[in-house]
Amino acid sequence: MLIEKEGGTVADALAALSLVRELVPIALQVLGHEEAEISELVIDFIRSYVLIVNASNEAETLEFLKRVVQVSLRRYTMPFELEPDGEGEDEIKFHEYRTQLRSLINPIGTRRPQLVVEPVEQMVAQVLSSGKTMNIRQVEATIQLVYSLADMIPANFPNTAKDKDVWLVRAAQLPLALLDAVPLDGRSKQVHIQYFENVCRYEKLVGTSPNKVVPHVAAAFLDERGLGFPSDKVRSRIAYLFVRFVKAQKQALSPLVSEMVPRIAPILAPGAVTPLSPEDQGFLFEVTATLIVFGNLEPQQKRQFFEELIGTVATRFQQGMLELQAARQQGIPEEITRCETSLTTVVSHASRLSKAFSKDVTMNSQSSADLFMNILTLFLDQLTPVNAFLLENIRQLTNRLVVCIEQEMLRLLPRVLGKFSECSSELDQMHHLLILCHQVVTKYKKSILHTGSNLGTILSQAARFASDPEVQAKFRQDSVNKSALLMCQRSFAQFLYAVVVSETLQDLAPGEAGDMVLESARRLAFLSDTTVQKQAIMSLAKCAIQSITHNGGRWYQPMVRTILEIPTLPHLAPTDAGSQIVLHECASGLQSMREAAQPQFDQVVAGLLPGEIGTNLIGMLSTLKGRELDKALTEFYSRIRSQQQKTA
């Protein structure tokens with residue numbers, strides 16, 4: 001105890017504990033005070049005493065701990081002067097007070113979950129038995145408590161095996177009981193939101209009841225308890241939670257899809273009066289697509305549903321472009337901005353639809369690849385420098401389609417990359433274009449060579465963006481562009497590495513163009529950004545190896561020399577984690593280049609590092625691997641630096 005640490009005796013500590021114990025009854029009275037500001041005055045004191053006596057099994061201690069939990073749970077209910085849906089200062093303070101109460105219960109519930117679970121069980125039973133006659137503040141408090149159980153008892157209680165801890169097993173039944181029968185009668189916005197928050201927090205538990213709780217919750221999402229609730233704020237949050245629910249329970253929902261999709265469709269229909277904002281409708285597009293993909297439906301029915309959904313997006317986009325054209329003709333800035341915002345949202349709806357698919361569940365497998373390629377083509381038709389506001393959202397959709405569509409996507413690449421290049425005049429736009437190019441090359445590899453796309457032009461242009469000071473000087477010299485330049489350099493290095501690995505560099509950038517691209521990579525390898533350096537070194541080493549068989553070794557010696565020089569850079573330090581990553585890539589690159597062409601490598605090293613220095617380096621690369629090589633190389637270059645400093 002602290003008293004003993006400060007020089008006191010055991011007798012002193014026991015006397016002090018006795019004095020503290022005398023204050024406990026008074027402290028419990030204060031904790032139960034109806035004013036939260038008074039009640040919270042003793043929370044720290046009681047928590048400290050709980051931590052002292054929590055390990056004791058004495059009857060008096062157990063009664064005290066039980067009393068602390070009872071008082072705390074009673075005080076969890078919001079007083080009559082506050083509103084469960086209120087957002088005023090008093091309500092905010094009360095929620096902070098609840099946080100303190102949970103922190104008081106936590107050490108008790110973590111060690112003795114039964115002291116928490118049993119009274120919460122009673123509260124849940126009372127709410128369920130009373131139905132709509134229950135005071136709404138008690139309903140709200142109970143739902144909040146069930147949501148926060150993980151803050152008061154062991155957080156793994158939903159996963160507790162039945163033969164491990166009976167109280168944690170009983171705790172796991174509380175969310176299911178609440179979700180199955182709690183009355184949602186519109187009296188409190190917060191109760192409705194918290195109901196669906198519980199659904200998502202306990203998604204694994206919900207999944208254990210696919211025939212009872214899952215259908216009940218699905219119905220609640222779709223009627224006046226959820227998306228039909230008369231509050232924009234509630235509907236918006238529930239629309240987001242609906243996505244999470246469907247993603248988590250998609251297998252259990254499969255038999256219900258034929259009933260659910262027709263109920264969602266009217267909300268998304270063109271021209272429909274919908275209670276959801278355009279942004280929230282995006283969530284429903286994602287929900288509907290997920291239900292269709294994983295639903296128990298015939299292939300033709302799935303395709304029909306997707307035709308209707310994509311048709312809705314196309315109709316909205318075409319109508320939006322007409323409205324934008326009219327607004328531009330009238331010269332109304334506010335209307336132009338509104339139309340542009342609306343159009344970007346419409347494009348994002350197509351991306352939302354695509355989120356139901358993945359590299360494992362492709363659009364081809366659902367007979368819908370052509371539908372998504374058609375909507376992308378429609379968007380590309382309108383993508384011009386004048387309509388560059390569409391670029392980012394169309395790029396996001398394209399990224400998704402590259403993931404989810406097989407070789408058919410290749411025929412669109414020339415159009416896609418041509419349009420994107422035309423509209424990518426800023427560093428940030430180039431950065432995102434390079435991310436797409438990296439993704440395309442990584443997936444389709446040498447197949448890109450037969451598409452007629454301008455990947456080679458983009459690669460050369462990006463090399464200049466990334467390393468040519470004259471090109472960089474044309475952009476605003478501010479912090480935003482400085483950050484954008486770094487991201488552009490990183491994405492170029494990643495794109496180049498994908499090109500090198502796929503062995504397409506000499507096809508995309510033949511002759512002098514390839515030399516220019518690699519010179520750019522060589523410059524980047526000397527920068528102080530670890531990510532850029534690492535990718536550049538990997539590309540240079542790989543190119544050096546490929547050069548031996550592809551172009552007579554023309555790139556081999558310059559690349560070996562470059563990687564030998566990098567560890568001498570002044571910003572690299574043996575104790576810095578980022579520096580160690582760079583040095584590791586240098587070690588790996590040097591070793592792989594030597595393995596690919598040992599005589600040429602040894603000759604290059606002998607010319608650059610004559611005598612014992614070169615011999616030692618070759619010896620390390622010949623006999624060491626992994627961390628041992630990294631360590632030896634670090635020490636090797638540290639000695640070289642020391643000698644250079646002495647010479648200077």
Side-chain angles (χ1 to χ4, degrees), residues 222 227-228 232 235-236 239-240 242-243 246 260-293 302-330 332 334-357 363 366 368-384 386-401 404 412 415-416 419 423:
L222 290 170
L227 296 174
D232 293 343
R235 288 195 302 269
S236 180
Y240 162 73
F242 196 16
V243 176
V246 169
M260 294 178 69
V261 171
R263 294 188 63 180
I264 300 172
I267 303 176
L268 302 177
V273 179
T274 171
L276 296 175
S277 69
E279 291 75 15
D280 294 335
Q281 288 178 48
F283 294 127
L284 287 199
F285 275 106
E286 184 174 351
V287 161
T288 308
T290 303
L291 289 171
I292 294 169
V293 168
K302 289 187 177 186
R303 181 175 175 84
Q304 180 182 344
F305 277 142
F306 273 118
E307 286 177 344
E308 294 174 0
L309 288 168
I310 292 175
T312 294
V313 175
T315 300
R316 290 183 178 182
F317 184 78
Q318 291 166 330
Q319 181 61 37
M321 290 303 303
L322 292 175
E323 293 175 1
L324 176 60
Q325 183 180 359
R328 285 173 172 170
Q329 290 175 347
Q330 296 170 8
I332 306 174
E334 296 81 5
E335 185 63 15
I336 292 173
T337 300
R338 185 196 67 78
C339 290
E340 290 179 349
T341 301
S342 176
L343 282 164
T344 57
T345 302
V346 171
V347 176
S348 74
H349 289 169
S351 294
R352 286 285 183 181
L353 285 173
S354 73
K355 286 190 175 184
F357 302 91
M363 294 174 177
Q366 301 292 312
S368 56
D370 61 315
L371 301 177
F372 281 92
M373 291 172 66
N374 289 341
I375 194 69
L376 176 59
T377 301
L378 176 65
F379 296 154
L380 290 172
D381 288 341
Q382 300 300 327
L383 181 59
T384 64
V386 175
N387 293 334
F389 68 90
L390 293 169
L391 176 62
E392 177 59 17
N393 290 76
I394 296 177
R395 182 195 61 78
Q396 291 178 9
L397 173 61
T398 306
N399 283 122
R400 293 287 310 143
L401 298 193
C404 306
L412 272 186
R415 185 89 186 280
V416 168
K419 284 281 190 175
C423 298

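Basis for what follows: all heavy atoms, side chains included, without hydrogens, waters or symmetry-related copies.
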Validation row: Ser368, Phe357 side chains within 4.5 angstrom (heavy atoms): yes
Non-hydrogen side-chain atoms of Leu401 and Leu412 separated by less than 4.5 Å: no
CA sep, side-chain torsions, deciding dist, call: Phe372, Leu353, side-chain contact (heavy atoms from CB on, under 4.5 Å): CA-CA 9 Å; Phe372 281 92; Leu353 285 173; 3.9 Å; yes
Pairwise distance CG(Leu383) to NZ(Lys419) - rounded to 0.5 angstrom: 6.0 Å
CD1-CE distance between Ile310 and Met373, expressed to the nearest 0.5 angstrom: 12.0 Å
Rounded distance (nearest 0.5 Å) linking atom CD1 of Ile264 with atom OG1 of Thr288: 4.0 Å
Can you give me every donor-acceptor pair (side chain of residues 273-281, partner residue at least two apart or in another chain, under 3.5 Å) with its distance?
unit_1, atom_1, unit_2, atom_2, d
Thr274, OG1, Leu276, N, 3.2
Ser277, OG, Asp280, N, 3.2
Ser277, OG, Asp280, OD2, 3.1
Asp280, OD1, Ser236, OG, 3.1
Asp280, OD2, Ser236, OG, 3.1
Gln281, OE1, Arg316, NH1, 2.9
Gln281, OE1, Arg316, NH2, 3.0
Gln281, NE2, Leu276, O, 3.2

Atom pair OG1 (Thr398) and CZ (Arg415), whose distance is rounded to the nearest 0.5 Å: 11.5 Å
Minimum heavy-atom distance Asn393-Ser351, with the two atoms named: O-OG, 4.0 Å
Side chain to side chain, Val293 and Lys355, heavy atoms closer than 4.5 Å: no
Nearest heavy atoms of Phe283 and Ala239, plus distance in Å: CB-O, 3.5 Å
Side chains of Phe242 and Val246 in contact at under 4.5 Å (non-hydrogen atoms): yes
Flag side-chain contact, heavy atom, 4.5 Å: Leu376 against Val416: yes
Inter- and intrachain pairs under salt bridge (Lys or Arg N to Asp or Glu O under 4.0 Å), touching residues 339-350, at least two apart: Arg328-Glu340
Leu291 side chain near Phe305 side chain, heavy-atom distance below 4.5 Å: no
Residue list, ring-ring contact (aromatic ring centres under 6.0 Å, His included) with Phe389, at least two apart or on another chain: none
Distance-minimising heavy-atom pair for Ala327 and Cys339: CB-SG, 4.3 Å
Audit row: Ser348, Thr345, side-chain contact (heavy atoms from CB on, under 4.5 Å) steps and yes/no: CA-CA 5 Å; Ser348 74; Thr345 302; 4.1 Å; yes
Salt-bridge present (Arg338, Glu334; N to O < 4.0 Å): no
Leu268/Phe285 under side-chain contact (heavy atoms from CB on, under 4.5 Å): CA gap, chis, key distance, verdict: CA-CA 8 Å; Leu268 302 177; Phe285 275 106; 3.9 Å; yes
Check: Asn387 and Leu324 side chains under 4.5 Å, non-hydrogen atoms: yes
Note, Gln382 side chain near Phe317 side chain (heavy atom, < 4.5 Å): yes
Inter-residue atom distance Leu391.CG - Gln396.CD, 0.5 Å rounding: 10.0 Å
Arg400 side-chain N/O to Ser354 backbone N/O, donor-acceptor pair under 3.5 Å: yes
NE2 on His349 to CG on Leu397, rounded to 0.5 Å: 12.5 Å
